[in-house]
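These notes concern the structure reproduced below.
Small disclaimer: the values here were computed from a predicted structure and weren't measured. Here is the naming used below: chain letters follow the sequence lines, and residue numbers restart at 1 for every chain.
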Protein chains: 2
Amino acid sequence: MARRGIISILIICIILFIISLFEYAAVSKNSYGSIRRRDSFKAHKLYSDLRNSLATDEPPLNDTNRSRRCEPMHVGFVCSGHKSNLYLMTLLKSILFHRNKPLHFHLIVNKFSDKVLRTLFETWDIPQVTVSFYDMNDYLPDIRWVPNSHYSGIYGLLKLLFPTVLPNVEKIIILDTDLIFTSDIDELWQLFNNFDYLHAIGLVENESDFYLSKKSTIWPAIGRGYNTGVILYRLDRLRNMQWDKLWTRVSKKAALMYGSTSLGDQDIMNTVLKQYPHLVYDVPCYWNTQLSDHTRSESCYKNNKIKVVHWNSPKKFNVNNRDGEYFRSIYKTFLEMNGDLVRSVLYDCHNISGDNSQNQRDVCDDFTKGTLNKWRTLLFFRNFEYIPVDYDVTFVAQLSYDRLQMVEELTKHWEGPISLTLYVTDPEFQQANKYLENSEILQERTNIAYHAVFKNGDYHPINMLRNVGLRNVNTPYVFLADIDFLPMFGLYNVIRNTLSASPKGLTKKALIIPAFESQRYRNRFPRNKVELLQMLENKSLFTFRFDVWASGHSPTNYTRWRNAKSPYTVKWEPDFEPYVVVRRDVTEYDGRFMGFGWNKVSHIMELECQDYEFLVMHNAFIVHQPHSPSYDIAKFRMSPIYRMCLQNLKELFVEGLKTKYGRSFDNKKVSIDPIIS
Amino acid sequence: MARRGIISILIICIILFIISLFEYAAVSKNSYGSIRRRDSFKAHKLYSDLRNSLATDEPPLNDTNRSRRCEPMHVGFVCSGHKSNLYLMTLLKSILFHRNKPLHFHLIVNKFSDKVLRTLFETWDIPQVTVSFYDMNDYLPDIRWVPNSHYSGIYGLLKLLFPTVLPNVEKIIILDTDLIFTSDIDELWQLFNNFDYLHAIGLVENESDFYLSKKSTIWPAIGRGYNTGVILYRLDRLRNMQWDKLWTRVSKKAALMYGSTSLGDQDIMNTVLKQYPHLVYDVPCYWNTQLSDHTRSESCYKNNKIKVVHWNSPKKFNVNNRDGEYFRSIYKTFLEMNGDLVRSVLYDCHNISGDNSQNQRDVCDDFTKGTLNKWRTLLFFRNFEYIPVDYDVTFVAQLSYDRLQMVEELTKHWEGPISLTLYVTDPEFQQANKYLENSEILQERTNIAYHAVFKNGDYHPINMLRNVGLRNVNTPYVFLADIDFLPMFGLYNVIRNTLSASPKGLTKKALIIPAFESQRYRNRFPRNKVELLQMLENKSLFTFRFDVWASGHSPTNYTRWRNAKSPYTVKWEPDFEPYVVVRRDVTEYDGRFMGFGWNKVSHIMELECQDYEFLVMHNAFIVHQPHSPSYDIAKFRMSPIYRMCLQNLKELFVEGLKTKYGRSFDNKKVSIDPIIS
């Protein structure tokens, strides 16, 4: 009897001890980013806690296991249009700034975003980042049938398709583009370890009262429902349960009962989870702090450190929120952050030899290896809508931020399409975008394509910038110009008329638009050729660079131009650098020429090697507007290294022409130093 | 017997259960920022772990206790000289970017840093930040006796004095200025809770082998010793144990045995702790990741997420480190970060009413309340060493980044002292500083004071910028100029000669330097008055703004100037805005005038109200250099609001003059719209 008593007490003690050990283990495991569940579903909570402690299909991550630690995290987005491209770039900066592990991005995109974002990632060149693209056209038929009235259109619905789109990926985080991370995405990724064996989708509670409404058109949800701005998907489990059939079946039924969805994928997700509540894992609110108007987000962020800010109001960053200024500051920090700074290799998860390379660099590396450099590029960052007309021609130019104010004037002189490549820092880019948005004159012009190339290094990569503009036109012809020139009024149509009269188009032909210069501010612009000739006469206008760099334009033969009644052919001469209209498939500029000197000369020289005919337009002109000298000229004048490197590069370039075209230039013809001194 | 057995087993069970509960509690408490101790001092570690678990004098922080949570953290620095001011600004950006609680900064400063940093904090205007300054001269006698050979001089030793300097503060974090935070400083602050009842100083292990050396001149340390770049001080405990006497006694003895300290305060700290090891709490390495050459930091950051980067090499950011590029990127991010973004009020720890104020703003607020705005200002950000000579005069001007290239040319025309106020963004500031550092011409000039004012808002606060320059000169006279003017060669001495001949100095007197303009680039600069008159004749030079804004300078009476052989007095007329030499205590510019228009006019008008005599210098001139029109002019031309607000402000200003000086201007005399249109 006593012995039995001892034994039973011992058993009770041992059970108590084991239970306490279990609790210890549970707390240890959750010590990083521990989960606070909502109070509303207490029964569900207890049930899932129990399952949590029994979960077996996921071994805990071992931090000393480097290869495991360095496995990429998968992150998915849906992107279409210039606005979501812009948002995405800022979101990516915030993710990449905080991350410490490799990432694999999966983007479902339309054709436009495919082009823009491929270029962005290719030129951003971030180590330990892999990117895969998926054409949304392949998947739209699967969702187009869903009746939907959400402001973001049907694209959000594509988020439901990731289990099908990525058949070989196990788990992924899906993000809306209107988010900002203020912590390491790895912390979010680690929440997958808290999933029990039934959990397949991790979501944060929806912070508005939308789903609490009793209206008959609101799709069903558990309590307040979930927000789909941040989703954790166990894709493997979703595929096992035939997720695609499941959500389709549920939402077809729901559509019959409640009508079209108001919030797209979010309605569908909530209605599915209402029926299958065991699928959902409750992610803590600070991983998706929703700042739309009238939300309860305050109760979340007052008690927790926010890790993801979600601008899910249609007003976006102008949302009414007591603490809006604080959150806007965080957002602005990433808007203005130099995106190139996330390019450096992580100190963990790599095997490369470190950064001693800079000691071995040649002084001219920036020049001779200029084409190898990568400049982050965001194409078409504003709305561009233009269908070319017959014999259409695009004005192509590049500019830095301080020349931006010249664009308005340009548009008064050129009504046709324009392709502008801005060379800017991240803060300048934001300023420029704001300026373009607010300019009454420019707002109205949807035929201007704006591209941003982000500053990197000390030299202005002028020819690379020109190529960005040149490669992204949709007209058959381009006018290769500079931003500090104003075309004569009507030039666009004069060029088109000339082209329409030219039977073979401009095959191996370049139309030269003669260039003049005004040396004074506040000069009046000549209304026509007659007035221009008068102004030349009374010396209020001059032929371009006549006094400092005559050989650049003298082959145009200004004397003949004065009385010419029709276009005339001129011969190429060394250092010739006219402004020309050519076919858009013209050979590109040599990207190695950076900063000041020989950047246009080399291009025209290559056209000469390709046997181009140079035809001067008798009825056209452009006028250079005075401005402060650029830094690049100042730098060149000061630096003997710059001069030396440019000289080396010129020699390399001329050798290259010989190899490529078999054409050699004797020393007399290639000037040794054609630079203003 | 059996009953006793049952009871004793029961007791054992209960003890086991209680122990397990204790462990549970310990893990919970450490879940955020748990401590990993170094393996090297295992015995010490066990001992201190034991004490940790018994620590009782510090109740755990209760997160729901808002008033406690919002108590400020105290952070101390020692700062002297323009370099440490610069470092500090970047370190502060990194701390403020991550922080979520109020902060109280304590700065021990020399006279120079006192002035600069007071201005910085006053103009930065960060909510929930308090700053206290302590004059290092009051404390230098306490440390000057310490024999020291560290490159940073004796200032580091001041870190030992915080217990005395702050008699009423309990605990404080002391930081070197060459650090960057990559996490919330509150996490570091929370480590105070892990101190046991004997711990008074928290430190990170020194990551070099310095103290392991057997040399007889190395001061003693425990193992590798500790690094003093980051210190956690329990000031109350240190005062209780008479810390000041303790470290003085220990280091006087040590100095006799080992000679002068190599590493200043760090040697002293280590030698004290060698004798009193129970005082030190081991802070995890990632709170002070030391990136000097040849350190073992890699073993720390490969296994932990870094929270503080310490650039403690004499080479600073050019340190040789395999992962240097990665750490430099983090550093650059904060260098370039817009510091104004940390200005927003924390979403926690405040009771103010939120940010609806912007809806109630008047369209002219930027103008009429211009003087209330705060622009973050960093004075003397480069080395300035200048002792004024007799009748000395400083050239004062403000400029934006795009005018920076004009400075070199200016220095060729003006050999005297110059005060330049740069209006820049944070990235532009870094670029500008780099440019100034690399300019061979400017490097040599230590008589140029550079001040940075950081961009904020859409309007260029031109008069506020002029005042910054004006307030920070050390010569008796100032030449109030603009950056786009070049003085005639020798003007500096011509002015000084004139001043030396003027018996009463310039009391109530302004010397006018006549202004001319060149409308062309590549114009030659007139060597003297004779040449200038010739150039006026042949129209290669003009009187300034003769064609668009004649009333600004016509009162100078250019006709009389041509033949004047001595200075002559002219009368003020409306819209007069000459460039003048005055005493440095001249009335300041009215800061409300921003952007383009009436900014100088208003100043000269106020001098007129003060009965200044305007004396034109017959033997002096300045020439305006052409440049692209500024954004502000472009903005003004476009915006009717700008024009309206300026008009309102002018009326306000004239009313103000009437109140202040009893002088009224009839409508005829105050032009209604003196703006270029």
Engaged part of A:T425 at the chain B interface, taking heavy atoms whose separation is under 4.5 Å: neither
Rounding to 0.5 Å, atoms NE2 (A:H627) and CG (B:D402) come to a distance of 13.0 Å
Evaluate B:M337 against A:T333 for side chain to side chain contact (heavy atoms under 4.5 Å, CB included), listing each step before the verdict. CA-CA 7 Å; B:M337 197 186 101; A:T333 305; 3.8 Å; yes
Report which part of B:Y331 has an atom under 4.5 Å of a heavy atom belonging to chain A: side chain, backbone, both, or neither. neither
Under 4.5 Å from any heavy atom of chain B, what part of A:K455 do you find: side chain, backbone, both or neither? neither
Heavy-atom closest pair, residues A:K305 and B:H98: NZ-O, 4.3 Å
A:P626 vs B:P626 side-chain heavy atoms within contact, under 4.5 Å: no
dist A:L341:CG -> B:Y326:OH (nearest 0.5 Å) comes out at 11.5 Å
Those residues at least two apart in sequence (or on a different chain) that pass ring-ring contact (aromatic ring centres under 6.0 Å, His included) with A:F542 are A:F546
CG of A:N338 to CD of B:E336: how many Å apart, nearest 0.5 Å? 5.0 Å
